[in-house]
A.B. asks: 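Just dropping this structure here.
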2 protein chains.
Amino acid sequence: MRKYSIDHKSPVPLHAQAETLLRQLIQEEDYRNGKVLPNEVELAKKLAISRTTLRQSINKLVFEGLLVRKKRSGTRVAQNVVSSKSNNWLSFSQEMKLRGIPIKNFELHVTWVTPDEELAAFFEIKPDRKVLKLERVRGRPDEPFVYFVSYFHPRVGLTGEEDFKRPLYEMLEQEHSIIATLSKEEISAVAADDNIADKLRLPAGSPLLFRKRYVFDPGERAIEYNLGYYKASSFVYTVESTR
Amino acid sequence: MRKYSIDHKSPVPLHAQAETLLRQLIQEEDYRNGKVLPNEVELAKKLAISRTTLRQSINKLVFEGLLVRKKRSGTRVAQNVVSSKSNNWLSFSQEMKLRGIPIKNFELHVTWVTPDEELAAFFEIKPDRKVLKLERVRGRPDEPFVYFVSYFHPRVGLTGEEDFKRPLYEMLEQEHSIIATLSKEEISAVAADDNIADKLRLPAGSPLLFRKRYVFDPGERAIEYNLGYYKASSFVYTVESTR
DNA sequence: AATGTTATAATGTATGTACATAATAATAAG
DNA sequence: CTTATTATTATGTACATACATTATAACATT
């Protein structure tokens with residue numbers, strides 16, 4: 001009974017498979033607590049891939065600061081990672097829960113739209129292919145403070161009939177076997193236009209924290225494109241970094 | 001006459017040499033402007049290292065978001081707007097240098113001020129103790145895009161006579177033996193008031209990306225409190241995260 | 001002139017191999 | 001019993017090689 005294994009016939013690259021597999025592996029308690037991973041040569045043999053390929057995957061996680069390598073003693077999960085990287089990856093609802101803020105959905109619209117140029121390029125699909133658009137206004141029970149717009153790649157297989165009140169990534173993982181691993185975010189500021197000002201109950205022109213989020217799966221394939229407009233007066237983005 | 005080359009007898013690994021070399025290379029104006037780099041096979045030959053080794057170096061820069069690769073068309077310098085990456089702890093000037101953006105100091109004021117309540121609390125000093133305040137307006141030669149306000153803890157030992165045109169953290173490290181290690185950041189958005197609007201040559205009310213930065217030394221003692229007001233139209237904050 | 005087809009030139013994926021280096025463990029010497 | 005010495009074992013560096021994939025360019029076809 002092999003718990004983790006690699007499919008050589010799958011179209012997803014071996015190093016990407018190895019990466020997901022490592023990510024799962026290091027969730028295990030033993031490794032979390034500092035147990036050394038199986039050594040490269042052995043693990044490569046066990047997975048039936050070359051050491052070079054395996055190394056590619058490990059390298060990535062090392063880059064990300066998730067793993068630490070040490071000669072002779074081996075590779076293990078990085079302890080005391082205080083970086084934004086690991087902290088940062090939280091869904092909105094998890095994030096709010098963590099801060100003890102009850103959330104309310106003020107609006108929730110699901111539509112099918114044709115992507116604009118930027119989106120079609122990011123998703124690498126033809127511009128006539130329809131994508132699912134999810135709009136949400138969320139916030140405290142008494143005060144909406146964020147307007148989200150999400151676009152999902154067709155490969156996710158959403159119908160639009162799903163229960164979008166559930167935590168999104170949980171739903172994707174459980175019902176659609178989509179594992180979102182990497183996200184690039186761009187944070188900037190914009191002024192609220194009439195539409196958003198209305199949704200967030202603000203004067204038009206108010207400053208908003210604007211966050212674009214690009215979400216990928218372990219094979220670096222695009223999953224979601226997310227735009228978030230946060231009411232600046234009630235939202236702060238926190239990052240911790242070390243050098 | 002080879003402008004860049006690699007020393008095979010040096011003790012520093014070839015891939016590391018290649019990396020520094022690439023960093024220099026992409027400073028060149030042509031590459032900055034989107035010219036494709038020499039292709040991997042050729043470049044490897046020219047540097048007399050294997051493609052695998054060269055790729056190792058390129059990979060790193062790609063991961064950092066400095067280079068973008070595209071099949072068939074080649075590798076080029078990422079054309080993003082001025083952006084800041086949370087994880088590699090870099091000073092503003094280093095960051096800009098890395099991206100080949102020449103910076104200009106538009107204004108530079110040094111004053112001694114009495115801290116307000118928040119600052120006195122953060123520095124853990126009595127409110128009558130004066131602290132050094134450094135104000136700077138910086139940006140591209142033709143366009144200021146950030147207004148910084150920094151407060152330094154008395155323990156740093158600044159006199160106010162220092163050369164603040166030098167990279168700050170370099171100066172602190174060399175002349176004052178201050179090593180800044182950890183920084184907590186809070187990012188939000190604000191509207192430009194008249195004062196800042198003037199400094200950044202913007203209409204008042206324009207949205208600004210606002211970053212508070214708390215800088216500590218290895219002993220978690222407060223070193224600096226920094227406020228940054230970034231022109232939103234020319235500055236994006238980038239975060240990469242994995243779960 | 002628009003469309004379809006084929007070549008080609010770049011990156012992408014993957015393997016096998018070899019030796020270097022460093023930290024630890026085992027052993028020998030004093 | 002402490003200190004050198006040596007072996008072992010993990011990662012680190014580096015190469016040569018092969019074929020896959022894909023965006024573009026060149027060409028041919030309608």
Side-chain angles (χ1 to χ4, degrees), chain A residues 6-22 31 34-63 66-78 117 120-127 216-222, chain B residues 5-22 26 31 34-63 66-78:
Chain A
I6 278 190
D7 179 6
H8 281 256
K9 282 169 293 183
S10 153
V12 2
L14 302 188
H15 69 82
Q17 288 186 55
E19 191 191 323
T20 355
L21 192 148
L22 281 170
Y31 296 124
K35 189 179 151 201
V36 289
L37 301 187
N39 78 63
E40 295 178 351
V41 183
E42 283 223 346
L43 191 53
K45 197 186 288 175
K46 204 170 280 178
L47 300 177
I49 58 175
S50 76
R51 185 182 162 209
T52 325
T53 302
L54 174 61
R55 214 141 195 293
Q56 218 179 118
S57 322
I58 298 181
N59 266 332
K60 211 173 158 200
L61 301 200
V62 169
F63 263 135
L66 270 168
L67 292 180
V68 175
R69 284 201 275 221
K70 224 176 157 186
K71 274 186 199 170
R72 169 64 218 250
S73 48
T75 304
R76 51 190 84 206
V77 175
E117 212 174 312
F122 172 58
F123 276 175
E124 296 176 337
I125 56 173
K126 292 195 193 107
F216 302 86
D217 76 1
E220 303 244 14
R221 302 185 307 173
Chain B
S5 72
I6 278 189
D7 179 7
H8 281 255
K9 280 170 296 184
S10 153
V12 5
L14 302 187
H15 68 81
Q17 288 187 55
E19 190 190 323
T20 25
L21 193 148
L22 280 168
I26 63 177
Y31 297 125
K35 190 178 151 202
V36 291
L37 301 187
N39 77 64
E40 297 178 351
V41 183
E42 284 223 347
L43 191 54
K45 198 187 287 175
K46 205 171 280 177
L47 300 177
I49 58 176
S50 77
R51 187 183 160 209
T52 327
T53 303
L54 174 61
R55 213 142 196 290
Q56 220 180 118
S57 323
I58 299 181
N59 268 333
K60 209 171 158 199
L61 300 201
V62 168
F63 197 84
L66 272 168
L67 292 179
V68 174
R69 283 201 278 222
K70 222 176 157 187
K71 273 185 198 171
R72 170 64 219 250
S73 46
T75 303
R76 52 190 83 208
V77 176

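Chain naming here is simple, since letters A, B, ... match the order of the sequence lines and numbering starts at 1 in each. This is a predicted model, so every value here is computed, not measured.
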A.B. asks: Mind checking side chain to side chain donor-acceptor pair (under 3.5 Å) for A:Thr53 and listing every partner two or more places apart, or none if nothing turns up?
C.D. replies: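 So A:Thr53 forms a side chain to side chain donor-acceptor pair (under 3.5 Å) with A:Ser50.
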A.B. asks: How many whole angstroms separate atom CG of B:Leu67 from atom P of C:dG12?
C.D. replies: 11 Å
A.B. asks: Rounded to whole angstrom units, what separation is found between the CD atom of B:Glu40 and the P atom of C:dA14?
C.D. replies: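 It works out to 16 Å between those atoms.
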A.B. asks: Could you go over nucleotides 17-27 of chain C and give all protein N or O partners under 3.5 Å, atom names and distances?
C.D. replies:
| unit_1 | atom_1 | unit_2 | atom_2 | d |
| --- | --- | --- | --- | --- |
| C:dT24 | O2 | A:Arg72 | NH1 | 2.8 |

A.B. asks: Measure the OG1-CG distance between B:Thr52 and B:Leu14 for me, rounded to the nearest 0.5 Å.
C.D. replies: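 CG of B:Leu14 is found 11.5 Å from OG1 of B:Thr52.
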A.B. asks: Would you kindly give the CD-to-P distance between B:Gln17 and D:dG12, to the nearest whole Å?
C.D. replies: 19 Å
A.B. asks: Could you tell me how far apart A:Leu47 (CG) and C:dT15 (P) are, to the nearest whole angstrom?
C.D. replies: 11 Å
A.B. asks: Would you mind telling me which of C:dA10, D:dT11, C:dT15 lies closest to the side-chain atoms of B:Asn39?
C.D. replies: C:dA10
A.B. asks: What's the CG-C1' distance between A:Leu43 and D:dT9, to the nearest Å?
C.D. replies: 16 Å
A.B. asks: Who pairs with B:Gln56 by side chain to side chain donor-acceptor pair (under 3.5 Å), at least two apart in sequence or on another chain?
C.D. replies: none
A.B. asks: Rounded to whole angstroms, how far apart are CG on A:Leu54 and C1' on D:dG12?
C.D. replies: 14 Å
A.B. asks: Between B:Arg69 and C:dG12, does any side-chain N or O lie under 4.0 Å from OP1 or OP2?
C.D. replies: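 Checking B:Arg69 against C:dG12: at least one side-chain N or O falls below 4.0 Å of OP1 or OP2.
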A.B. asks: Rounded to the nearest 0.5 Å, what separates atom NZ in B:Lys70 from atom OG1 in B:Thr75?
C.D. replies: 12.0 Å
A.B. asks: If the condition is side chain to side chain contact (heavy atoms under 4.5 Å, CB included), which residues does B:Ala16 pass it with, not counting sequence neighbours?
C.D. replies: B:Val12, B:Pro13
A.B. asks: B:Ile58 vs B:Leu67, test: side-chain contact (heavy atoms from CB on, under 4.5 Å). Steps then yes/no.
C.D. replies: CA-CA 8 Å; B:Ile58 299 181; B:Leu67 292 179; 4.1 Å; yes
A.B. asks: How many Å lie between CD1 on A:Ile58 and P on D:dG12, as a whole number?
C.D. replies: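 That distance rounds to 9 Å.
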A.B. asks: What is the distance, rounded to the nearest whole Å, between atom CG of A:Asn59 and atom P of D:dT11?
C.D. replies: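 Computing the A:Asn59:CG to D:dT11:P distance gives 12 Å.
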A.B. asks: Are A:Ser50 and C:dG16 close enough that a side-chain N or O sits under 4.0 Å from OP1 or OP2?
C.D. replies: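 Looking at the OP1 and OP2 atoms of C:dG16, neither is under 4.0 Å from any side-chain N or O of A:Ser50.
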A.B. asks: Work out how much the helix from C:dA1-D:dT30 to C:dG30-D:dC1 bends between its end axes, five pairs an end, to the nearest 10 degrees.
C.D. replies: 0°
A.B. asks: Just jot down the salt bridge (charged side-chain N to carboxylate O under 4.0 Å, His left out) partners of B:Lys35, sequence neighbours excluded, or say none.
C.D. replies: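 Result, salt bridge (charged side-chain N to carboxylate O under 4.0 Å, His left out) vs B:Lys35: B:Asp30.
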A.B. asks: Would you please name every residue forming a side chain to side chain donor-acceptor pair (under 3.5 Å) with A:Glu40, sequence neighbours left out?
C.D. replies: A:Arg51, A:Arg55, A:Arg69
A.B. asks: Closest approach of A:Tyr31 and A:Val36, non-hydrogen atoms and distance?
C.D. replies: CE2-O, 3.5 Å
